[in-house]
Structures are given as C-alpha cells and as structure tokens.
Amino acid sequence: MKFGKLPNIDNVDFSLPANAALTNQVLAQLPTNSQPHFYNGCTGWSMKEWVGKVYPKGTKTKDYLSIYAQQFNTIELNTTHYRIPTLETIDKWRTESAPDFRFCPKVPQTISHSRDIGMGNPQLRVFWDMIAGLQEKLGCCFIQMPPHFAYQKLGMLKQFLSIWPNSIPLAVEVRHESWFDQPQHTQAFLETLRDFDKTAVITDVAGRRDVLHMGLSNTTTMIRFVGNGLHPSDYDRIDAWVDRLTDWTKQGLKEIYFFPHEPDNLLAPEMSAYLYSKSQLIPNIQTRGPKMIEPDPEQLSLF
C-alpha cells in the first residue's frame, strides 16, 4: 500500500485517537456476552519469498492457498480489484481453504472508480453473483473509494449502499480529505454506514493520520494497518491496537478483520504473527494466526 507512506517517520505521532462519538453510541447498544472473532491476514498468498518461513520448503505454487489458509484465517483479496473471478476460480478458492477461513474481496476498480460507483454497470451484479459463490467463507467485502471521491458525493454513496445486497457484508474506505476536515463530515459518513449496517474501514498509515477515524458503525470493524518494515514503532502500534480492540470487544464488538501491510508484502507474516500473539490476550477471542517456520540450522551454518 503506497497511500500515506512517508520516507521518514521520525516525527509521526502514532498514538491512537479517542473513539469517534458514534463508536461509543454503537457500543452502548451492543450485548456484552458475545464471543468475538478476530480475523488476521495478509494481502495475497502468491509469495515465493514466503517459502521456508510461512510455507514449508519445497511448497509448490499450486499449494500456496491451501497452506496460507492453514496459517492465516482471512485474506484481503486484492486480486478482485483488478478482475472479477470466474465461478470456477471461486469454487477452487472455497474448496482449497480451511473451514473457518474468510475471504474479504475488494470491489473491482471498474466499479469503485467509475463516476456512479458502478450503479449503471452490469458488472456490479456479476461481481455480487461471483463472490456469493464463496458461501460460508465470504467474510467482509470492501470498497476503496478513489482519492477524488469527496464528501460532496455522500448522496451518491447512500444511493449505492441502498442497492447493495444485505447478504454481502460490506466495508467502506474513503480517502479524500473532505471526509475528515470537519467533525460533522466524519460523523455523517459513519452515520450513513450505521444506517445501512455497513462497516467503516479504519486505515492506520504514517502520512494520513486523519483517516485513523476510530469509527465503528456496526458490530464489525476492518483495520488496514500499514507498517514500516518492522520498525520498532510497528510493534508499539500493534500493542496499542490490541488494547483498544480489547476495550471494544468487552463492550460487544463481534468481528474484527485486521490486515497488516508491510513493504511489498514481504514482512507482513512477521507482523501478523506478532499481532496473533498479542490478540490471544483479548478475553474470549476466537482467532488463530501464523506460526513462522524456524530457519534450518544447517542453512544458517553456511553463512
């Protein structure tokens, strides 16, 4: 993820802001006896660089997904941003993944980046039909609005959400500064999602602290966490997130999708493994995460 990246993070305040006002209102209405689910994953599985540390040595490319799904319990499925998969591909993904695995498909850019958010494009219904084929393994679909999609288009967003099927969970990410330059704009965005029972994507990235709005709009949250190459601050930030999520789950938050991003996706498993170790401290949490493969001592001795 290049959005919000900085060449130097020395002066960045990485502390988490207070809850958005609507977050406290949403939590106040939730039962507190639920058993929350924590989904923790990366942004793809086709990483040959992970062989020997996430995938066993000798793993074939065709087996990456099945082993990925044994290590992680979700994925930010960015491939759907560029093309709509066929039913055959969807069925392959579903059958090759673990029973508790959840896919989070990204809405195609031909839809999200079009003038009317794809409402006049028949491909929108094709996308719905295809990802519905994931059945019980469909997690939370998400749409990333383009950088130019400003607060003035709130009415269009409402129209789009009104036609989105209730059977497909959806999270929404907005990036234009106008959604965050005035508190009432952020409040209106979150209230819109609440009214349509949709989730607000929270993005934690160095160069755009305004998108870290800490808003909940229903019983699910999706967090896109952008690290800085396993810088010490990455670990401190994860610790702070686990503290906040502990508080939210104690108040009734039911579902968490957390996607650690690291440069080129190479170090994302290490961040995910650390997140998993910390997330186990959340009371009653249902989760699992990667177990990194220890380096071969014989290989290390060669160096």
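These numbers were taken from a predicted model, which means no experiment stands behind them. Side chains are part of it too, since the values below use all heavy atoms of this structure and drop only hydrogens, waters and symmetry mates.
- Closest heavy-atom contact between Asn265 and Cys42: OD1-CB, 4.0 Å.
- Minimum interatomic distance between Pro260 and Gly41 (heavy atoms only, all atoms of both residues): CD-O, 3.1 Å.
- Of all heavy-atom pairs between Ala18 and Met214, the closest is O-CB, 3.6 Å.
- With sequence neighbours excluded, no residue satisfies ring-ring contact (aromatic ring centres under 6.0 Å, His included) with Tyr276.
- Within the structure, the ring pair (Phe, Tyr, Trp, His ring centres under 6.0 Å) test picks out the following pairs touching residues 19-40 (sequence neighbours left out): Tyr39-Tyr257.
- In this view, Phe160 and Trp164 satisfy the ring-ring contact (aromatic ring centres under 6.0 Å, His included) rule, not counting sequence neighbours.
- Taking the six-membered ring for Trp, Phe72 and Tyr68 have ring centres closer than 6.0 Å.
- Using modelled atom types and a 3.5 Å distance limit, the side chains of Asp13 and Ser15 yield a donor-acceptor pair.
- Here the CE atom belonging to Met292 is positioned 9.0 Å from the CH2 atom belonging to Trp50, to the nearest 0.5 angstrom.
- Ring geometry, His213 versus Phe180: the interplanar angle falls under 30°, so the pair is classed parallel (tilted spans 30 to 60°).
- Every residue was checked against the salt bridge (Lys or Arg N to Asp or Glu O under 4.0 Å) condition with Glu255, not counting sequence neighbours, and none meets it.
- For Glu49, there are no salt bridge (Lys or Arg N to Asp or Glu O under 4.0 Å) partners two or more places apart in sequence or in a different chain.
- The closest side-chain donor-acceptor pair between Glu76 and His261 falls under 3.5 angstrom.
- Nearest heavy-atom pair, Val107 versus Cys141, reported as atom, atom and distance to 0.1 Å: CG2-SG, 3.9 Å.
- When atom types are taken as modelled, the side chain of Lys254 and the backbone of Thr219 share no donor-acceptor pair closer than 3.5 angstrom.
- Residues in residues 238-248 take part in these side-chain hydrogen bond (donor to acceptor under 3.5 Å, both in side chains) pairs, two or more places apart or across chains: Asn19-Arg244, Asn19-Trp248, Asp204-Trp241, Asp239-Tyr274, Asp247-Gln251.
- Residue pairs that meet the salt bridge (charged side-chain N to carboxylate O under 4.0 Å, His left out) test with at least one member in residues 280-292, sequence neighbours left out, are Asp100-Arg288.
- In this view, Arg83 satisfies the salt bridge (Lys or Arg N to Asp or Glu O under 4.0 Å) rule with no residue, not counting sequence neighbours.
- A donor-acceptor pair under 3.5 Å is formed between the side chain of Asn40 and the backbone N or O of Ser272.
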Just distance, no hydrogens or angles: give the donor-acceptor pairs under 3.5 Å from side chains in residues 120-127, sequence neighbours left out.
from: Asn121; atom 1: OD1; to: Gln123; atom 2: N; distance (Å): 2.8

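- Every residue meeting the ring-ring contact (aromatic ring centres under 6.0 Å, His included) condition with Phe189, not counting sequence neighbours, appears here in chain and number order: Trp179.
- Here the CG-CE distance, from Leu161 to Met156, works out to 12.0 Å after rounding to the nearest 0.5 Å.
- In terms of heavy-atom proximity, Arg209 sits nearest to Ala206 at CD-O, 3.4 Å.
- Not counting sequence neighbours, the partners of Asp210 by the salt bridge (Lys or Arg N to Asp or Glu O under 4.0 Å) test are Arg208.
- Scored by the ring-ring contact (aromatic ring centres under 6.0 Å, His included) test, His185 finds Tyr151 as partners (sequence neighbours excluded).
- The aromatic rings of Trp93 and Trp45 sit perpendicular, their planes meeting at an angle over 60°, well past the 30° parallel limit.
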